[in-house]
Amino acid sequence: MPVPLEVGITRSAGTAAAGKRVLLAEPRGYCAGVDRAVETVEKALEKHGAPIYVRKEIVHNRHVVDTLAERGVVFVDETDEVPAGSVLVFSAHGVSPAVHAAAAARDLHTIDATCPLVTKVHQEAKRFARDDYDILLIGHEGHEEVEGTAGEAPDHVQLVDGPGAVDAIRVRDEAKVIWLSQTTLSVDETMETVKRLREKFPLLQDPPSDDICYATQNRQVAVKAMAPECDLVIVVGSRNSSNSVRLVEVALGAGAKAAHLVDYAREVDPAWLDGVQTVGITSGASVPEILVRGVLDLLSEHGYRDVQTVTTANETLVFALPRELRAARQGG
Ligand code: SF4
């Protein structure tokens with residue numbers, strides 16, 4: 001029976017009053033965009049047969065990528081590595097118009113698994129570029145999503161990689177400046193960057209709606225709720241997963257005594273557990289639940305059998321598959 005803690009947080013009852021315990025953040029793991037992207041590749045394999053090609057990692061998770069590779073998916077960095085006429089899936093992080101054009105030039109059959117919430121930011125970039133705004137895109141240099149979004153309007157977009165990058169930003173007209181962001185940032189750090197930008201450009205406009213997506217925000221809220229009680233937080237996720245890395249930072253910022261990122265249970269160093277009573281567990285938006293189960297099993301072997309779920313939101317969002325795969329499913 002869930003025990004209400006305060007507005008917006010519920011918690012399952014524990015089995016022991018004291019001693020070693022695990023707090024399990026909810027929501028955690030797969031978001032609607034990752035679910036759709038992975039299913040897109042699976043359906044494309046079923047429909048077209050191996051090999052199919054995926055530009056970049058379909059989602060930033062080692063296990064997901066390795067599992068799909070074993071089934072005949074070939075991951076490439078660029079379209080020119082794909083044989084002409086082949087099936088190419090674009091990853092959840094989105095691509096620029098230049099990449100679409102390069103794929104068309106090679107006569108590739110493309111399937112776009114870009115998350116609809118990333119596409120939304122692309123549309124915003126296009127719209128404000130059309131209106132000749134300077135667009136300050138808050139995000140991490142080199143991340144595929146940022147490259148895709150910036151590529152929609154390269155002449156209008158400047159990247160702002162955190163609060164420290166604000167000083168160097170120059171705009172043409174301070175009355176026509178808007179900020180947008182990568183979908184998987186730390187909410188708090190982004191707000192700090194926006195604050196610094198607004199001090200410099202008081203007329204800075206906000207995006208029409210949140211660019212940091214619901215899944216990123218929900219996972220950060222959940223980890224913040226449990227972190228103050230945790231001696232250690234284990235975040236399951238890959239090092240190139242932006243939202244997973246942010247969860248480690250958010251856990252530490254919210255009071256966890258230590259926090260580590262692991263792809264697999266085998267990466268948990270037993271020394272991390274020395275003197276630890278409460279371990280918090282969460283996982284990034286690209287992480288299958290089986291990997292969290294692995295960590296729970298490992299902790300159980302170390303005596304952490306009391307598992308309490310800390311719930312801060314219930315997620316129900318589901319995205320439809322890309323049109324061509326929906327039709328294939330309906331047609332059997
Ligand atoms: S993390 Fe957010 S933007 Fe990225 S795939 Fe998931 S829902 Fe979409």
Side-chain angles (χ1 to χ4, degrees), residues 25-43 54-65 68 75 89-96 111-125 137-140 142-152 179-190 207-224 235-250 261 282-289 291-292 312-322 325:
E26 176 70 45
R28 63 179 180 281
Y30 265 24
C31 60
V34 164
D35 205 26
R36 172 182 186 265
V38 174
E39 193 180 352
T40 294
V41 176
E42 288 169 342
K43 288 278 181 276
V54 175
R55 181 183 178 276
K56 310 286 184 187
E57 295 191 344
I58 184 67
V59 298
H60 285 154
N61 184 265
R62 191 72 262 138
H63 177 80
V64 170
V65 167
L68 289 171
F75 291 92
V89 179
F90 292 134
S91 80
H93 309 99
V95 295
S96 67
I111 302 174
D112 193 352
T114 303
C115 175
L117 299 181
V118 173
T119 302
K120 187 203 75 157
V121 185
H122 281 226
Q123 301 300 355
E124 290 170 352
L137 177 63
I138 301 174
H140 294 299
H143 191 280
E144 285 137 56
E145 181 187 320
V146 160
E147 289 175 352
T149 306
E152 291 287 358
W179 69 274
L180 302 177
S181 86
Q182 189 178 330
T183 57
T184 51
L185 300 180
S186 152
V187 175
D188 295 341
E189 187 185 288
T190 302
S209 60
D210 281 355
D211 287 341
I212 299 181
C213 76
Y214 80 100
T216 299
Q217 296 195 32
N218 285 349
R219 280 149 193 70
Q220 289 176 18
V221 168
V223 85
K224 264 187 183 178
V235 178
V236 186
S238 293
R239 269 163 217 295
N240 61 344
S241 161
S242 171
N243 80 89
S244 303
V245 174
R246 302 292 82 78
L247 288 172
V248 173
E249 296 166 358
V250 169
L261 185 68
T282 187
S283 55
S286 47
V287 177
E289 187 60 10
L291 301 178
V292 173
T312 50
N314 292 307
E315 294 180 345
T316 53
L317 187 64
V318 177
F319 292 131
L321 288 175
L325 297 174

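Note that ligands are numbered from 1 as they come in the structure, with each ligand's atoms numbered from 1 the same way. Keep in mind the model is a prediction, meaning the values are calculated, not measured.
Judged by distance alone, the side chains of Glu147 and His93 never bring a donor and an acceptor atom under 3.5 Å apart. Using modelled atom types, one finds no donor on one side chain facing an acceptor on the other under 3.5 Å when comparing Thr312 with Lys224. For Asp112 and Thr114, the side-chain atoms include at least one donor-acceptor pair closer than 3.5 Å.
By the side-chain hydrogen bond (donor to acceptor under 3.5 Å, both in side chains) test, Arg62 is found to be paired with Glu57, Asp66, residues two or more places apart in sequence or in another chain being considered.
A salt bridge links Arg219 with Glu315: the distance from a Lys NZ or Arg NE/NH1/NH2 to an Asp or Glu carboxylate oxygen falls below 4.0 Å.
Excluding waters, the count of protein N/O/S atoms less than 2.8 Å from atom 6 (Fe) of ligand 1 comes to 1.
Listed for the Asn218 side chain is no donor-acceptor partner under 3.5 Å among the backbone atoms of Pro27.
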